[in-house]
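Read the structure below first, then the notes.
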Number of protein chains: 2
Amino acid sequence: MKNIPIASVERVAKYIRCLKHLQKKGEEIVSSKKLAEHTQVTPEQVRKDLSYFGKFGKTGTGYNIKKVVKRLSNILKGRKNWNVCIIGAGALGTALSRYQGFKSAGYNIVALFDKDPEKIGKKIGSAEVYDIKKFSDITKKKDIKLAIIAVPAESIEEVEEYIAKSQIKGVLNFVPVTLNFNTKRKIAIIEVDLAQKLYILSYLTKK
Amino acid sequence: MKNIPIASVERVAKYIRCLKHLQKKGEEIVSSKKLAEHTQVTPEQVRKDLSYFGKFGKTGTGYNIKKVVKRLSNILKGRKNWNVCIIGAGALGTALSRYQGFKSAGYNIVALFDKDPEKIGKKIGSAEVYDIKKFSDITKKKDIKLAIIAVPAESIEEVEEYIAKSQIKGVLNFVPVTLNFNTKRKIAIIEVDLAQKLYILSYLTKK
DNA sequence: GCCAATTGTGAAATTTAATTGCAATAGTTT
DNA sequence: AAACTATTGCAATTAAATTTCACAATTGGC
């Protein structure tokens with residue numbers, strides 16, 4: 001895999017989600033046209049996006065949903081499920097740890113971290129809250145490579161350090177601060193700025 | 001305003017966030033170079049993005065942070081703050097209603113909606129949970145034009161109907177289902193699919 | 001065997017983004 | 001007040017990314 005447009009990767013994740021939905025409804029075969037309708041893109045776009053990753057369909061017939069879902073999620077997620085931790089056991093962190101969508105996509109929340117002694121030791125959903133000081137140890141022991149950050153903005157620098165020193169490879173950041181890891185190893189970062197989404201939403205409503 | 005690339009709009013929201021941060025630290029003037037460093041883009045990009053919306057800086061000096069923040073957020077958000085509601089008073093909806101970032105960006109959560117009688121009537125943060133049946137009435141009464149959807153996927157169609165019949169103009173959707181309003185009036189939609197983010201994150205870590 | 005449906009994919013077209021170069025301006029120094 | 005430095009705003013250009021188009025090739029149904 002070399003130069004796959006990131007926009008295509010994002011749409012592919014969307015296709016997976018849609019295909020799973022169709023699967024639940026009992027469908028087995030779908031055409032690029034139908035999939036496109038459900039995801040609000042063009043059929044050509046669907047075919048193009050998929051073509052970056054291989055051949056998935058049967059000419060004249062369409063796509064076998066089950067097979068495509070399996071192959072695509074193998075490509076994005078890999079064959080194994082991931083262990084994920086959440087840093088920050090506040091309202092947002094707690095809500096995220098209970099979010100079912102992660103698990104059904106193959107990402108298991110197996111630990112939370114916080115520095116508040118009140119919270120440390122508690123169970124939230126199926127995961128325990130650990131002392132952030134033990135971050136490196138526990139992520140190693142539990143084979144955690146992905147972290148979700150949901151702490152107050154003031155604590156972000158502290159968290160950055162813990163992550164930099166650990167084995168974490170990817171970060172999903174809900175804190176409205178641009179992260180800046182000073183590490184040689186590359187850490188993938190995805191920023192989710194919720195307030196920014198509202199800015200853009202209100203901007204769009206005026207157009 | 002005509003053909004402003006959405007990528008530019010998104011970066012502008014990021015600039016606002018960064019400028020507010022600098023403002024807190026007591027800075028008054030910033031150059032495109034400095035702002036670019038903080039947001040991980042190039043100075044040329046910063047100037048280009050801003051130029052879509054007007055002139056903001058003073059040649060030879062830089063940008064007056066306070067003024068720029070004000071003008072930019074006026075452009076994205078408008079002059080007035082927005083009233084926002086959250087549909088779904090579960091874990092995610094509750095966490096979102098407590099999220100401070102919305103308020104400080106000028107978006108006030110003034111109501112939640114749910115169909116569970118257990119939840120209706122309760123107060124969460126500063127907002128009350130209302131019966132979803134009263135959606136149209138209450139959003140009208142409270143002058144709510146933006147809605148955040150955080151219900152289980154099964155309930156999405158029901159919610160779509162309520163929104164379609166209301167005065168809502170923009171929707172921030174956390175439910176992993178592509179929305180499809182059958183309305184003449186245009187409703188702006190932004191999708192936030194949390195599981196999708198993890199798919200992409202794990203894909204990125206492999207590159 | 002013919003017909004309609006549908007995929008996969010190069011090539012073209014379009015859109016978006018990045019780069020360059022520079023005149024104009026503001027503040028600072030000498 | 002002249003020279004100097006820093007910096008914006010823009011126009012022009014180039015490059016990159018993304019989308020659309022067009023069609024051969026294939027499949028399954030009738």
Side-chain angles (χ1 to χ4, degrees), chain A residues 1-16 18-19 22 27-72 75 200 203-204 207, chain B residues 1-16 18-19 22 27-72 75 200 203-204 207:
Chain A
M1 281 178 256
K2 42 261 119 143
N3 281 353
I4 301 175
I6 188 68
S8 290
V9 179
E10 286 176 359
R11 278 191 301 269
V12 164
K14 198 173 181 183
Y15 302 152
I16 294 178
C18 179
L19 290 168
L22 293 173
E27 313 225 6
E28 291 179 3
I29 304 288
V30 74
S31 66
S32 58
K33 195 178 163 196
K34 204 163 190 184
L35 180 53
E37 278 168 18
H38 283 284
T39 49
Q40 312 213 315
V41 298
T42 64
E44 296 80 10
Q45 183 86 75
V46 170
R47 299 205 297 275
K48 189 70 173 180
D49 287 335
L50 293 180
S51 78
Y52 287 116
F53 299 97
K55 293 183 186 182
F56 293 85
K58 201 182 262 185
T59 313
T61 313
Y63 301 91
N64 177 309
I65 295 180
K66 197 175 161 191
K67 280 189 189 170
V68 173
V69 167
K70 193 166 182 185
R71 275 183 60 201
L72 284 182
I75 288 167
I200 293 165
Y203 173 76
L204 290 177
K207 285 224 297 192
Chain B
M1 279 177 255
K2 30 233 136 172
N3 279 353
I4 302 175
I6 187 69
S8 289
V9 179
E10 287 177 358
R11 276 191 302 269
V12 164
K14 199 174 180 181
Y15 302 152
I16 294 178
C18 181
L19 290 169
L22 292 172
E27 314 223 6
E28 292 179 2
I29 305 288
V30 74
S31 65
S32 58
K33 194 178 163 195
K34 204 164 189 185
L35 180 53
E37 277 167 19
H38 282 284
T39 49
Q40 311 213 316
V41 299
T42 64
E44 295 79 11
Q45 182 85 72
V46 170
R47 298 208 295 274
K48 183 77 171 181
D49 287 335
L50 294 181
S51 77
Y52 287 116
F53 299 97
K55 294 181 188 182
F56 294 86
K58 200 182 264 185
T59 313
T61 313
Y63 301 90
N64 177 308
I65 295 181
K66 198 174 160 191
K67 280 190 190 168
V68 173
V69 166
K70 194 166 183 184
R71 276 185 58 201
L72 284 181
I75 288 167
I200 293 164
Y203 174 77
L204 290 177
K207 284 224 297 191

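Every chain is numbered from 1, with letters handed out A, B, ... down the list of sequences.
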For this session: Determine the contact category for A/Lys48: base if any of its heavy atoms lies under 4.0 Å from a base atom, sugar-phosphate if only primed atoms, P, OP1 or OP2 are that close, otherwise nothing.
Result: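 Since a base atom lies under 4.0 Å of A/Lys48, the category is base.
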
For this session: Classify the nucleic acid contact of A/Ser8 as base, sugar-phosphate or nothing, counting any heavy atom under 4.0 Å across all strands shown.
Result: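 Since no nucleic acid heavy atom lies under 4.0 Å of A/Ser8, the category is nothing.
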
Exercise. Could you walk me through whether B/Ile16 and B/Val68 pass the side-chain contact (heavy atoms from CB on, under 4.5 Å) check?
Worked result: CA-CA 8 Å; B/Ile16 294 178; B/Val68 173; over 6 Å; no

For this session: Give me the residues of residues 56-65 of chain A where at least one heavy atom lies under 4.0 Å from an atom of DNA chain C, by number, or none.
Result: A/Phe56, A/Gly57, A/Lys58, A/Thr59, A/Gly60, A/Thr61, A/Gly62, A/Tyr63

Exercise. With nearest nucleotides of DNA chain D determined for B/Ser51 and A/Ala7 from heavy-atom distances, which residue corresponds to the more 5′ nucleotide?
Worked result: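 It is B/Ser51, whose closest nucleotide lies nearer the 5' terminus.
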
Expressed as a whole number of angstroms, how long is the span from [X]:[atom1] to [N]:[atom2]?
X       : N      : atom1 : atom2 : value
A/Glu44 : C/dA13 : CD    : C1'   : 14 Å
B/Lys55 : C/dA26 : NZ    : P     : 11 Å
A/Ile29 : C/dA5  : CD1   : C1'   : 13 Å
A/Phe53 : C/dT7  : CZ    : C1'   : 18 Å
B/Tyr52 : C/dA17 : OH    : C1'   : 8 Å
B/Glu10 : C/dT16 : CD    : P     : 12 Å

Problem set entry | From B/Lys48 atom NZ to B/Thr42 atom OG1, the distance as rounded to the nearest 0.5 Å |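 With rounding to 0.5 Å, NZ (B/Lys48) is 11.0 Å from OG1 (B/Thr42).
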
Problem set entry | Straight-line distance of B/Lys34 NZ to B/Cys18 SG, nearest 0.5 Å |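 Between atom NZ of B/Lys34 and atom SG of B/Cys18 there are 10.5 Å.
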
Problem set entry | Closest approach of B/His38 to B/Leu22 (non-hydrogen atoms, all atoms of both residues) |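 Minimum heavy-atom contact is NE2-CD2, 3.9 Å.
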
Exercise. Distance-only, no hydrogens or angles: does the B/Ser8 side chain make a donor-acceptor pair with backbone N or O of B/Ile4 under 3.5 Å?
Worked result: no

Exercise. With no hydrogens and no angle check, is any side-chain donor or acceptor of A/Arg71 less than 3.5 Å from a backbone partner on A/Lys55?
Worked result: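 Present.
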
Exercise. Within a radius of less than 6.0 Å around CD of A/Glu28, do more than 12 heavy atoms belonging to other residues, nucleotides or ligands occur?
Worked result: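 Not more than 12 within 6.0 Å, no.
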
For this session: Return yes when atom CD of A/Glu44 has more than 12 non-hydrogen atoms of other residues, nucleotides or ligands closer than 6.0 Å, and no otherwise.
Result: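 More than 12 heavy atoms, drawn from other residues, nucleotides or ligands, come within 6.0 Å of this atom.
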
Exercise. Starting at the 5' end of DNA chain C, which residue's closest nucleotide do you reach first, B/Arg47 or A/Val30?
Worked result: A/Val30

For this session: Just jot down the salt bridge (charged side-chain N to carboxylate O under 4.0 Å, His left out) partners of B/Arg47, sequence neighbours excluded, or say none.
Result: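 Expected list: none.
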
Exercise. Chain A on DNA chain D: first and last contacting nucleotide, 5' to 3', under 4.0 Å to a heavy atom?
Worked result: D/dT18 to D/dG28

